[in-house]
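Keep in mind it's a predicted model, so treat the numbers as computed, not measured. Counting convention: from 1, in listed order, for ligands and their atoms alike. Only this structure's heavy atoms are used, side chains among them; waters, hydrogens and symmetry mates stay out.
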Amino acid sequence: MFADPDGELRGTVTAESLQRVLDHYDAGDWRADRVLITGDLIQDDSAEAYARFRELLLPLNMRMHCVPGNHDIRELMRAVCRQPPFSYCAKEEIKDWLILGLDSCISGDAGGEISDDEFDRLEASISASKAKHILVCLHHPPVPMGSAWLDTVKLKNDEVFLAKLHESGRVRLLMFGHVHQEYEEDHDGILVVGTPSTCRQFKPGSEDFDVDDRPPAYRRITLHADGSINNDLIWVDD
Ligand SMILES: [Fe+2]
């Protein structure tokens, strides 16, 4: 989002594009209990852009878990995303599942990293929880995307991070943003999922930065008591 309601990113009015996604959800009959928002909420470093984000999402009227991305300003984002119904890098148990949001950002760097403090919080949250299944979300991709420029701004300690998640034996789903394209692969029992943007997309497999012409998108995820997952990527075409 931008402070300006007509603010454009790569030729698209971002507020209109997000509204299209929300309208698509609204018009369908699939209903969610939670929203997971995987970062890069704003583009212009302004508090007004976060206010616009809040205003557009509030009608969903449910809890919304947010993690920061490299374009976010933590102080401004926390001011909005720590107020219910939003939450910031939250931990929530729902029946058999623990949902955990991590901060993977490094100030002044488009790439990411799980800091020692976040590793500590991850370990403490997992060991304190009796949930049988765990969903972790963060902004940066915890795996290479096979796109040269994008792989320079991925999660720097991705292998250590994935190994840590495997140690628990309970992490079933790992979700990220940042890459503006579809990704979905099983990594030894953890389903790793990247969701395209609610605005413009990046071209998969590109050597250099390149914008794709695919439409905005969102995912519908259903978490089952036995640890299984339904996962549908929804492209919002005109
Ligand atoms: Fe990002």
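Summarising the local packing, CG of Asp226 is surrounded by more than 12 heavy atoms from other residues, nucleotides or ligands at distances under 6.0 Å.
Shortest distance from the Fe ion (ligand 1) to His178 is reached at ND1 (N/O/S atoms only). When distances from the Fe ion (ligand 1) to the N, O or S atoms of Asp40 are compared, OD2 comes out shortest.
Summarising the geometry, atom CG belonging to Asp96 is positioned 12.0 Å from atom NE2 belonging to His224; distances are rounded to the nearest 0.5 Å. Rounding to the nearest 0.5 Å places CZ of Phe176 at 10.5 Å from CG of Leu155.
Because the distance cut-off is set at 2.8 Å, His139 qualifies as a neighbour of the Fe ion (ligand 1) through one of its N, O or S atoms.
Side chain of Asp212 to main chain of Gln201: no donor-acceptor pair is present (N/O by atom type, distance under 3.5 Å, no hydrogens or angles).
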